[in-house]
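Everything on this sheet refers to the single structure shown next.
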Amino acid sequence: MSEAKNSDPKKLFIKTYGCQMNVYDSERMAEALGGKGYVETDSPDDADMILLNTCHIREKAAEKVYSELGRFKGLKAEKPDLKIGVAGCVAQAEGEEIMRRQPLVDLVVGPQAYHRLPEMEAKTRTGEKALDTDFPEEDKFALLKSRPKARRAPAAFLTVQEGCDKFCAFCVVPYTRGAEVSRPVERVLSEARDLVERGVREITLLGQNVNAYHGQGPNGTWSLAQLIWALNDVDGLERIRFTTSHPNDMDDDLIAAHGECEKLMPYLHLPVQSGSDKILKRMNRSHTAESYLRLIERIRAARPDILISGDFIVGFPEEDDQDFEDTMALIREVNYGQAFSFKYSTRPGTPAAERALVDDAVASERLYRLQALIAEQQRGIQDSMVGRDVSVLFEKAGRFEGQMVGKSDYLHAVHVADAGAEVGDIARVRIVESGPNSLKGELIR
Ligand code: SAH
Ligand code: SF4
Ligand code: F3S
């Protein structure tokens with residue numbers, strides 16, 4: 001056996017692609033391997049294990065994995081003991097193929113099986129390959145070791161719901177993450193309390209469909225709104241956010257919470273994907289442009305200053321000029337503070353993959369126009385913050401002596417000179433200037 005001595009910790013390099021859920025999973029994988037004597041390193045060159053935590057959402061994201069793996073060839077030749085693993089959604093979707101296409105891969109682990117990483121690592125150390133892309137019955141979170149007691153950055157992610165049952169016609173998530181599962185209330189609350197003890201002041205609750213949360217709690221099943229209200233009572237936790245939400249799961253209690261729950265931040269990521277009912281129907285979104293707009297209206301009635309964020313796909317199969325103009329009209333009506341937009345990417349195995357593609361140049365042109373409109377709205381909302389007072393959670397020191405950088409309630413990056421503050425402090429700040437990527441604020445003494 002060539003097990004490393006306990007005295008020299010093995011080094012783990014993890015590279016994370018994709019969504020926040022992968023960021024959370026990477027942390028948990030590092031913790032799981034921490035039990036096997038691994039410490040994290042930020043350079044692949046001195047690693048004993050490299051893990052790529054991958055994303056399958058668009059073709060480009062998936063292909064990146066293979067080019068990244070190719071780059072480790074030299075390293076592996078120099079260091080035969082180096083183990084290379086692929087985790088995340090590409091692992092789930094193409095596990096066997098990865099092993100075939102890239103022989104230097106030792107380990108493939110899907111997003112629902114990574115609590116088994118320690119045993120898998122041991123297997124690779126005997127020279128064997130390890131592949132696990134099960135959707136196990138057992139709850140991986142319950143089996144993962146409790147988290148180490150180290151101090152944490154003040155803003156943290158906490159996955160509360162996983163998987164998706166919505167099956168939008170373009171999307172791989174229901175296949176890579178599996179069916180919707182919610183973590184029990186008590187586990188979420190105890191993880192939250194533990195994070196707070198370690199310095200966390202803001203928690204973003206995560207799920208592919210986080211507002212479909214229905215966790216087992218005292219007296220039955222709890223909704224996301226109930227969970228948020230319980231977190232509101234956790235002393236020391238100051239801010240709560242959640243992402244990503246589906247329009248169809250915004251229930252009355254959750255909308256009301258935006259107006260009434262003190263710690264719930266005025267920011268909502270609510271993807272609509274398209275403003276054309278024809279396209280929404282073909283996407284299997286089961287909401288219309290109109291129902292989305294009325295929903296936004298109700299949310300704004302509960303919390304008038306809320307910042308709305310979204311996701312858009314342009315060039316979905318059979319999207320014509322009018323469909324695209326309908327999307328632009330919806331964007332104009334909502335006025336987004338932030339949005340992610342993508343050109344449609346065909347995903348093998350999804351229903352939309354069967355449909356006729358939009359000309360690529362046309363799709364690119366639409367994406368360009370849509371992004372220009374979003375950028376204009378985003379800038380407008382950012383500029384409108386000037387003169388307003390916000391709260392800022394400081395996350396790190398800035399480039400200049402005494403300067404601190406953090407996030408406002410609306411998730412804008414804010415920098416403050418001579419803040420006289422520490423990481424983790426929350427201060428009242430007046431916004432005095434709006435720059436291209438951030439706001440400048442002054443402490444309200
Ligand atoms: N669960 C979330 C989003 C998950 S994926 C939701 O329902 O909104 C994140 C975003 O990637 C999606 O909102 C969508 O805009 C985009 N996306 C997903 N599949 C895509 C595809 N095949 N091509 C282009 N963009 C895609
Ligand atoms: Fe994908 Fe739709 Fe589920 Fe979001 S709701 S993860 S876009 S299938
Ligand atoms: Fe990507 Fe998987 Fe997240 S496909 S967006 S990493 S759920």
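At a cut-off of 3.5 Å, with distance as the only test, no side-chain donor of N53 or T16 sits close to an acceptor on the other residue. Defined by atom type and a distance below 3.5 Å, a donor-acceptor pair is present between the side-chain atoms of D25 and Y114. No side-chain N or O of R28 forms a donor-acceptor pair with one of T159 less than 3.5 Å apart. Using modelled atom types, one finds no donor on one side chain facing an acceptor on the other under 3.5 Å when comparing D251 with S223. There is a side-chain donor-acceptor pair under 3.5 Å between D383 and S434. With hydrogens and angles left out, the side-chain atoms of E333 and Y292 include no donor and acceptor closer than 3.5 Å.
In the displayed structure, D233 atom CG is contacted under 6.0 Å by more than 12 heavy atoms of other residues, nucleotides or ligands. The number of heavy-atom neighbours closer than 6.0 Å to NZ of K79, taken from other residues, nucleotides and ligands shown, is above 12. Residue D42 qualifies as open at atom CG: its count of foreign heavy atoms under 6.0 Å is 12 or below. Other residues, nucleotides and ligands contribute at most 12 non-hydrogen atoms within 6.0 Å of the CD atom of E59. Other residues, nucleotides and ligands contribute over 12 non-hydrogen atoms within 6.0 Å of the NZ atom of K343. By the neighbour-count criterion of 12 heavy atoms within 6.0 Å, atom CD of E442 is sparsely surrounded, having that number or fewer from other residues, nucleotides or ligands.
Paired with S309 under the rule side-chain hydrogen bond (donor to acceptor under 3.5 Å, both in side chains), one option of Q338, H269, Q378 passes, and it is H269. With E121 as reference, K36 is the one residue of K36, R116, K83 to meet the salt bridge (Lys or Arg N to Asp or Glu O under 4.0 Å) rule. When K263, R241, K407 are each tested for a salt bridge (Lys or Arg N to Asp or Glu O under 4.0 Å) with E202, only one passes: R241. Residue D106 forms a side-chain hydrogen bond (donor to acceptor under 3.5 Å, both in side chains) with just one option from K76, K129, K123, and that option is K76.
Minimum heavy-atom separation, G398 to V405: CA-CG2, 3.6 Å. Nearest approach of G424 to L393, heavy atoms of both residues: O-CD1, 3.6 Å. Between A225 and L254, the shortest heavy-atom distance links the atoms CB-N, 3.8 Å. Across all non-hydrogen atoms, the minimal contact from H415 to S438 is CD2-OG, 3.3 Å. Heavy atoms only, all atoms of each residue included: V390 and M385 are closest at CG1-CE, 3.7 Å. Taking both residues in full, the closest heavy atoms of L268 and S245 are given as CD1-OG, 4.0 Å, listed atom of the first, atom of the second, then distance.
One finds the CD1 atom of I14 at 5.0 Å from the CD atom of E40 (value rounded to the nearest 0.5 Å). Rounding to the nearest 0.5 Å places CZ of F157 at 10.5 Å from CE of M21. Note that CE of M250 and CD1 of I299 are 4.0 Å apart. Values are rounded to the nearest 0.5 Å. A distance of 9.0 Å separates OH in Y38 from CG in L51, rounded to the nearest 0.5 Å.
A 4.5 Å side-chain heavy-atom check between F170 and F342 finds every atom pair outside the cut-off. You'll find the side chain of H246 reaches within 4.5 Å of the side chain of R285, heavy atoms only. In this structure the side chain of E68 reaches within 4.5 angstrom of the side chain of Y17, judged on heavy atoms. Counting heavy atoms from C-beta outward, S341 and L367 have side chains that approach closer than 4.5 Å. Two residues are said to be in side-chain contact when any heavy atoms from C-beta on lie closer than 4.5 Å; H287 and L295 fail this criterion. Side-chain contact check for P266 versus Y410: some heavy-atom pair is nearer than 4.5 Å. At a threshold of 4.5 Å between non-hydrogen side-chain atoms, the residues H214 and W222 do not count as touching. The shortest distance between side-chain heavy atoms of R388 and R430 does not fall below 4.5 Å.
Panel note: side chain T54, backbone V90; a donor-acceptor pair is recorded below 3.5 Å. With T176 contributing its side chain and A93 its backbone, the two residues share no donor-acceptor pair below 3.5 Å. The closest donor-acceptor contact from the side chain of D389 to the backbone of R428 lies at 3.5 Å or more, if one exists at all. Not a single donor-acceptor pair under 3.5 Å links the side chain of Q20 to the backbone N or O of G207. Here the side chain of N211 pairs a donor or acceptor atom with the backbone of D249 at under 3.5 angstrom. A donor-acceptor contact shorter than 3.5 Å links the side chain of Q161 to the backbone of N209. Under a 3.5 Å cut-off, the side chain of S408 and the backbone N or O of H412 do form a donor-acceptor pair.
F242 and H258 have their aromatic ring centers within a separation under 6.0 angstrom.
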Practice task
Begin from the C-alpha positions of K140 and E162 and carry the test salt bridge (charged side-chain N to carboxylate O under 4.0 Å, His left out) through to its verdict.
Solution key: CA-CA 11 Å; K140 72 171 178 244; E162 280 220 277; 2.5 Å; yes

Problem - D48/R125 under salt bridge (charged side-chain N to carboxylate O under 4.0 Å, His left out): CA gap, chis, key distance, verdict - result: CA-CA 11 Å; D48 299 284; R125 293 286 158 204; 5.7 Å; no

Exercise for the section: Check the pair R239 / T204 against side chain to side chain donor-acceptor pair (under 3.5 Å), numbers first and verdict last. Expected result: CA-CA 8 Å; R239 291 173 153 196; T204 302; over 6 Å; no

Practice task
Could you walk me through whether E186 and R193 pass the salt bridge (charged side-chain N to carboxylate O under 4.0 Å, His left out) test, one step at a time?
Solution key: CA-CA 10 Å; E186 221 12 86; R193 284 187 217 105; 3.7 Å; yes

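With sequence neighbours excluded, the residues that form a side-chain contact (heavy atoms from CB on, under 4.5 Å) with F135 are Q92, Q112. For A142, the side-chain contact (heavy atoms from CB on, under 4.5 Å) test picks out D139, R187, with sequence neighbours left out.
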